[in-house]
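Notes for the one structure printed next.
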Amino acid sequence: AIPKTPREGLIKTFKDAGYVISIEPQTQQNAGTLGVCVLVDTAGETYAAQKAQILTMLKDYTVAGLYYSGTERGDVTLSNGQVFEFGFYPPSKKEASLKLDITLSKNSTILADKEDEVKDKLLANLAQLYTLGNNFEPEKYFTISRDAPYASAVKLQWKTDGAYSAAVYQADFKDLWLFDKERIEVVIA
């Protein structure tokens, strides 16, 4: 029974239709506009149908009087015959490389995971905890208590280019990082 216009209602409506979205934060500078990023493959065979469905959902589940920002645009006809333009953004995809340093505890008798097992755990955590438009917070994706009880310290670092960093990445609502086992380095010491 969530109304569709509030952010949570819009997110749920798109999720129920099989889409992940993120919404541009509202500020005084963008008042009256709605920026929605939809996780969709613009080069896919079914994109034309998906685009039409997304634009129709924006028409059906948002309020009148908004300007819809976005690079993917299209006209939708209302029930009274009027035609309005709607829009959304596809994600800005970035391939991320990760480096996970694990320091083994001298006080633990628990056997440490092998490198591939660590990578699999990290990828599973990312699939569950990370999504479109979220900040990348390294400390939440691999922890001692949940993932490595055999460790005394863990440090996850990332890079999309340049040097590795352990800082929180402040994401734009359109940012989507892509992870691959081949771009994960695990150092167990």
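The model shown is predicted, which means the values in this text are computed figures rather than measured ones.
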Hey, is [atom1] on [X] packed in by over 12 heavy atoms from elsewhere, all under 6.0 Å?
X      : atom1 : result
Leu78  : CG    : yes
Lys114 : NZ    : no
Lys59  : NZ    : yes
Glu139 : CD    : no
Asp16  : CG    : yes

Could you check whether [Y] and [X], counting side-chain N and O atoms only, form a donor-acceptor pair closer than 3.5 Å?
X      : Y      : result
Thr27  : Asn30  : yes
Asp101 : Gln157 : yes
Asn80  : Gln82  : yes
Tyr130 : Glu137 : no

Quick one: are [X] and [Y] in side-chain contact, heavy atoms under 4.5 Å?
X      : Y      : answer
Pro90  : Thr71  : yes
Phe142 : Val118 : yes
Thr33  : Leu66  : no
Leu58  : Phe88  : yes
Met57  : Thr13  : yes
Ser165 : Lys159 : no
Thr42  : Lys51  : no
Lys94  : Leu178 : no

- Taking the six-membered ring for Trp, are the ring centroids of Phe14 and Tyr61 within less than 6.0 Å of each other? no
- Item | Ring centers of Tyr141, Phe136 separated by less than 6.0 Å | yes
- Pairing of Glu117 and Lys121 as salt bridge, 4.0 angstrom limit: no
- Task: Evaluate side-chain contact (heavy atoms from CB on, under 4.5 Å) for Leu34 paired with Ile23, printing each intermediate quantity in order.
- Result: CA-CA 8 Å; Leu34 178 63; Ile23 302 171; 4.0 Å; yes
- Message: Testing the basics here: between Arg146 and Lys140, what is the closest heavy-atom pair and its distance to 0.1 Å?
- Response: NH2-O, 3.0 Å
- Between Ala166 and Pro138, the two heavy atoms sitting closest are O-CG, 3.4 Å
When you measure from the side chain of [X] to the backbone N and O of [Y], does any donor-acceptor pair fall under 3.5 Å?
X      : Y      : result
Asn135 : Ala171 : yes
Arg183 : Leu98  : no
Thr46  : Ala49  : no

Does [X] share a hydrophobic cluster with [Y], counting links as ILVMFWY side-chain heavy atoms below 4.5 Å and allowing steps through other members?
X      : Y      : value
Val63  : Ile21  : yes
Tyr150 : Ile144 : yes
Val168 : Leu126 : no
Val20  : Leu129 : yes
Leu39  : Val36  : no

Quick one: [atom1] on [X] to [atom2] on [Y], what's the gap to the nearest 0.5 Å?
X      : Y      : atom1 : atom2 : value
Leu132 : Cys37  : CG    : SG    : 4.5 Å
Glu24  : Arg7   : CD    : CZ    : 9.0 Å
Trp177 : Thr160 : CH2   : OG1   : 5.5 Å
Asn125 : Asp120 : CG    : CG    : 11.0 Å
Asn134 : Ser22  : CG    : OG    : 8.0 Å
Ile110 : Leu104 : CD1   : CG    : 11.5 Å

- Specify whether Tyr68 and Phe86 have parallel, tilted or perpendicular ring planes, treating 30° as the upper limit for parallel and 60° as the lower limit for perpendicular. tilted
- For the residue pair Tyr169 and Trp158, categorise the inter-ring angle as parallel (less than 30°), tilted (30 to 60°) or perpendicular (more than 60°). perpendicular
- Where do Tyr164 and Glu185 land on the side-chain contact (heavy atoms from CB on, under 4.5 Å) test, with the steps shown first? CA-CA 11 Å; Tyr164 279 105; Glu185 178 185 350; 4.1 Å; yes
- Passes side-chain contact (heavy atoms from CB on, under 4.5 Å), Val154 versus Thr103? Steps please. CA-CA 6 Å; Val154 295; Thr103 304; over 6 Å; no
- Show your working on salt bridge (Lys or Arg N to Asp or Glu O under 4.0 Å) between Lys119 and Glu115 and close with a plain yes or no. CA-CA 6 Å; Lys119 289 180 181 183; Glu115 185 178 323; 3.4 Å; yes
- Candidate pair Leu123 and Phe179, rule side-chain contact (heavy atoms from CB on, under 4.5 Å), full reasoning: CA-CA 7 Å; Leu123 286 171; Phe179 306 101; 3.9 Å; yes
